[in-house]
Each structure stands twice: as structure tokens, then as C-alpha cells.
2 protein chains.
Amino acid sequence: MKNCYHSVIFKDMTQEEIEFCLTELRSTEKRYKKDEMILMAGDTTERFGLVLEGSVTIESNDIWGNRTILSHVGNKQFFAETYALLEDETLLVDVRANENCRILFFRIGSLKRLRSSNELWAMKFICNMLEISAHKNVVLSGRSFHISPRTIRERILSYLNTVSLQKHSTEFDIPFDRQQLADYLNVDRSALSNELSKLQREGVISCRKNHFELLSH
Amino acid sequence: MKNCYHSVIFKDMTQEEIEFCLTELRSTEKRYKKDEMILMAGDTTERFGLVLEGSVTIESNDIWGNRTILSHVGNKQFFAETYALLEDETLLVDVRANENCRILFFRIGSLKRLRSSNELWAMKFICNMLEISAHKNVVLSGRSFHISPRTIRERILSYLNTVSLQKHSTEFDIPFDRQQLADYLNVDRSALSNELSKLQREGVISCRKNHFELLSH
DNA sequence: CTCCTTTTGTTGTAATTACAACATACTTGT
DNA sequence: ACAAGTATGTTGTAATTACAACAAAAGGAG
């Protein structure tokens, strides 16, 4: 009995439909010891993984020996699903066991095989994948847009403007504290604080903690 | 007779299946005059557009009056498909007619309606959307990864490392000239040239025009 | 080959940022 | 209310970058 039934990948699917998925996508469970390599940059993969137990890290290791940890993937979360869909895309990151863990792998195979099937479970599954992918898209393009400007000021204004659009108001709370906002915008925290102060002195914005107001006049 | 049959959205679909799509997604054609607003930031949309004639620009206009043009969308290309899929996501950009143009709109409605249909045309269509979305994801996360480092040097090395992984070799051509690479990495061109020279003098890489070699020893 | 255009490399300067160190304000638990 | 810990703001300095102006190299047309 797997504990994967409540993953968003299987959203709105009956237990029977999920069983179909597990069978048809030839799911297999595998265990990894801490620090063991699960997927390696440079490879391609037809499988994506769902974490049943433990956690994995997504990291980048270049040939000059620099390591960057990009993210952690924990319980019931998944990884490499984009690469599994696009079978020819080479992985640009390593996936490594952050601790002893159990991974459930799904073999998507080529999309083509799924296309010709017109079963309901497959339709639901693909719709879920599409929703997940679209969501990731919004997050990624948002961030990409916010860190494109070269100055801290422009990054701040770009970010605040989009939040304002999302909240339909020039006054709103943001979900970050200063350090998190700095990390999100890829700038130094103190430099961020400094620029926020300037923007307030110049009357462009007004803020207190994570509450912001945009002053356009 | 629309000229949309060869868009990647309808890849591997028969003419009959495409007709189904056009009907079921209640496609409607609409004309816009140059500079007319097609979709506005802050709104949500259930429709996405396919350009039949002319072209549109995706732009960002903040409340302080700054305008940034993000991209052009030309013939047979489409826009806002991600937002149409996620009906609650507010548009963060404006879409405006770059010249007089004809747009074919598709009403995706909620994904839920499509999920319960298990017709082959729908399956194919969604698979195509998924492939497009996954691809966009790879492009976006790649770029996001490359412009995250704060120094030019790190951005260059990050980029070269991924190309090396994709080409399965430490020697390869890149598809950019200096100006394009600078734009892609969001840095100044001359600063980029300068840093490339340094990297060569230090024996980290060797390059001539758009041919690169990574020297790891 | 020569002229012209485009691309790429180099250098100096001004602006911006990261970083460190510290001051102030805010939280939390007792 | 107090103390300890955390978050935020401030300042100065060193490092990095953008920008501009120019030099050198490469490519193309006649």
C-alpha cells in the first residue's frame, strides 16, 4: 500500500484510476541511501520520481567543482517530471538522496503512447500534469521577469507591481519577510532594505513590515 | 478556411480532429487595429489567442509609467495559453496589437470540462498543450538558473556548463553571438567580452567566436 | 584588394551592489 | 515587564558592473 494517493498528481482520481496509473506507468519503488545519486545531469530519463519517504536534493555540479543546491523535494512531492515528459531533454541537474529514502518511479514513456489511449484515468492524469506544468510556468516566468532588471530598485518595483495586479489593489501584504524577498529578487538583504527606504523617502511607495502601498502620483 | 492547421498546438491531429477542437473550444476570430489592447494585465482570461495575421506584443506597464516589451508573437504563434488553462491566474502583462491583426481565440473553459470528455481529439490537444508547456518550462528554468548568479563570471560558467551537458562534450558551439549571449545572461556586452578574456587568460576556458572549450584541470 | 560595415575586444570612469559591522525595532517566552 | 533572540534599518568600504568611447578584427560587396 503506497502513500501516494494524495499527491496532486492524482488529484480528483478514484483509487481505481490511480491503481491503473500505477500499473500502466509501470511504477516501481526503489530505495536509496543518503547521498546516493538518483538521477545524473547529462542523462535523459523516461521516469519521474515521487518521494514516498525521506527527501532528495536537486543540485547543480559543474565541471570546475562548484556545487549549488537548487531545491529540496520532500514527502509526496515529485521531481524530473518535465524531463520525463520530454524524453530527449538532457537533465541539467543532479538528483541526490538527502537522507535514506524511498522513491516511487513512474515510466511515462513517450507521450505518444498515452495519446492513443483514450481512457479516463489517462485523461485525468495528463490534465493534472498539465495543470502542474502550467503552474510551474507562471512561477518561473514571474521570477525570471523580476530578476531580469539590473538594479535593485527596478526589481522591487517590478515585483510590487505584479503583486498589486494579483491583489487588484495598490495596497497589499506580501508573503515574504525582508530576507526572503532579497533571496527571491537575488539581491543583498541590507541593500534591499536600503533601497526600500529610499523609495519611501521619494514617495514612490510606503511600507511597514510586509505591508506595502504603491503611490503613483 | 483558417490557416491554423499547422500550428504546433494541433500537431499530429487530423483535419477532422482540428475541426472538433475549433467547434468545442468555441473558437472565434476577431480583428484588432494597431495598438489596440487585446488582453490587459490584472484581468483573468479563459481564452487564449492564435495569431492568424499580423503580430502582437507582450508588454509590461507598471503604475509608475514604465513600459517594457517582453516579446513579439507572430504568425501561427499563440499567447496567454498558460493563463487560459489556469482560469484564476491574473495576467501580469498586456497583450497589444503590434499592427492590424486577426486573432483566433480558443475558449478552454475550465480544465474540468475537458477532463470528463474522453474523446481522442481532446486527448491529443491536451498532450500537445502539455508538451508545449513542458518545453516552455525547460527554457524558463534554464534561463532563470543562468541569471541567478550575481557575477558575470558565474553566469557564463553556469551557462557553458549546461550547454556542455546538452552537447555531451567539453567542446561545442553556442547559438549566440556576443551581444545575444550578453542579452541572454542579462549583462553588458563589453563586460561579457572582458570576463571571457579573463577566463581564457586563467585557463578556465578557451574560445574563439562562438566555439568554446571547457578546460577543467 | 580596398572600402565599408559589423562584430568583438579593451580601457577608464561613474554608478551600483555586496558585504560586514553595527544600531534599532520588533517578538516571544517567562 | 523583562530579557533574549530575531528581524529590519543604516552606514562605510571594497568589489563588480554598466556605460561610453575607442581599437582591433572579421566579414562582405564591388
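On a predicted model such as this, the values are computed, not experimentally measured, just so you know. Worth knowing before you read on, the calculation uses all heavy atoms, side chains too, and leaves out hydrogens, waters and symmetry mates.
- With hydrogens and angles ignored, the 3.5 Å screen pairs a side-chain donor or acceptor of B/Arg155 with a backbone N or O of B/Leu185.
- Among the atoms of the strands shown, base atoms are found under 4.0 Å from some heavy atom of B/Ser193.
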Using a 3.5 Å cut-off and no angle test, enumerate the donor-acceptor pairs between side-chain atoms of residues 32-39 of chain A and protein atoms at least two apart in sequence or in another chain.
from, atom 1, to, atom 2, distance (Å)
A/Glu36, OE1, A/Lys33, N, 2.8

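- Each of B/Phe176 and A/Arg150 lies near DNA chain C, and the nucleotide nearest B/Phe176 is the one positioned closer to the 5' end.
- Residue B/Arg178 has a polar side-chain atom (N or O) positioned under 4.0 Å from OP1 or OP2 of C/dG9.
- In this entry the distance linking CG of A/Leu192 with P of D/dT10 reads 12 Å, nearest Å.
- Comparing atom distances between the B/Ser197 side chain and each of C/dG9, C/dT8, C/dA18 picks out C/dG9 as nearest.
- In this structure, B/Ile132 CD1 and A/Ser133 OG are separated by 10.5 Å, a value rounded to the nearest 0.5 Å.
- When rounded to the nearest whole Å, the span between CD of A/Glu154 and C1' of C/dT16 equals 12 Å.
- Rounded to an integer number of Å, the gap from A/Lys198 NZ to D/dG9 C1' is 14 Å.
- Atoms CZ (B/Arg201) and P (C/dG9) sit 11 Å apart, rounded to a whole Å.
- At whole-Å resolution of the value, CD in A/Glu195 and C1' in D/dT8 are 16 Å apart.
- Closest to the side chain of B/Asn194, out of C/dT11, C/dT16, D/dC19, is C/dT11.
- Looking at heavy-atom distances under 4.0 Å, A/Ile152 makes contact with sugar-phosphate atoms alone, never a base.
- An end-to-end axis angle of 50° holds for the helix from C/dC1-D/dG30 to C/dT30-D/dA1, taken from five base pairs per end and rounded to 10°.
- Of the possible donor and acceptor atoms, none in the side chain of A/Gln200 sits under 3.5 Å from a partner among the backbone N and O of A/Ser197.
- For A/Arg115 and B/Glu131, the salt-bridge test fails: no basic side-chain N is under 4.0 Å from an acidic carboxylate O.
- Atoms CZ (A/Arg155) and P (C/dT16) sit 14 Å apart, rounded to a whole Å.
- Side-chain contact check for B/Thr45 versus B/Leu91: some heavy-atom pair is nearer than 4.5 Å.
- One interatomic measurement links the two molecules: CD of B/Gln180 to C1' of C/dT6, which rounds to 13 Å at whole-angstrom precision.
- Remark: side-chain polar atoms of B/Ser164 are not paired, donor with acceptor, to backbone N or O of B/Leu160 under 3.5 angstrom.
- Cation-pi geometry between A/Arg143 and A/Tyr184 is satisfied (NZ or CZ under 6.0 Å from the ring centre, within 45° of the ring normal).
- A salt bridge is absent between B/Glu87 and B/Lys112; no separation between the charged side-chain nitrogens and carboxylate oxygens falls under 4.0 Å.
- When heavy atoms are screened at a 4.0 angstrom cut-off, A/Asn210 is found touching no nucleic acid atom at all.
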Produce the list of close N/O pairs, under 3.5 Å, pairing protein atoms with atoms of nucleotides 20-29 of chain C; give distances to one decimal.
from, atom 1, to, atom 2, distance (Å)
C/dA20, N6, A/Ser190, OG, 3.2

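- If you take NE2 of B/His211 and C1' of C/dT7, they are 19 Å apart, rounded to a whole angstrom.
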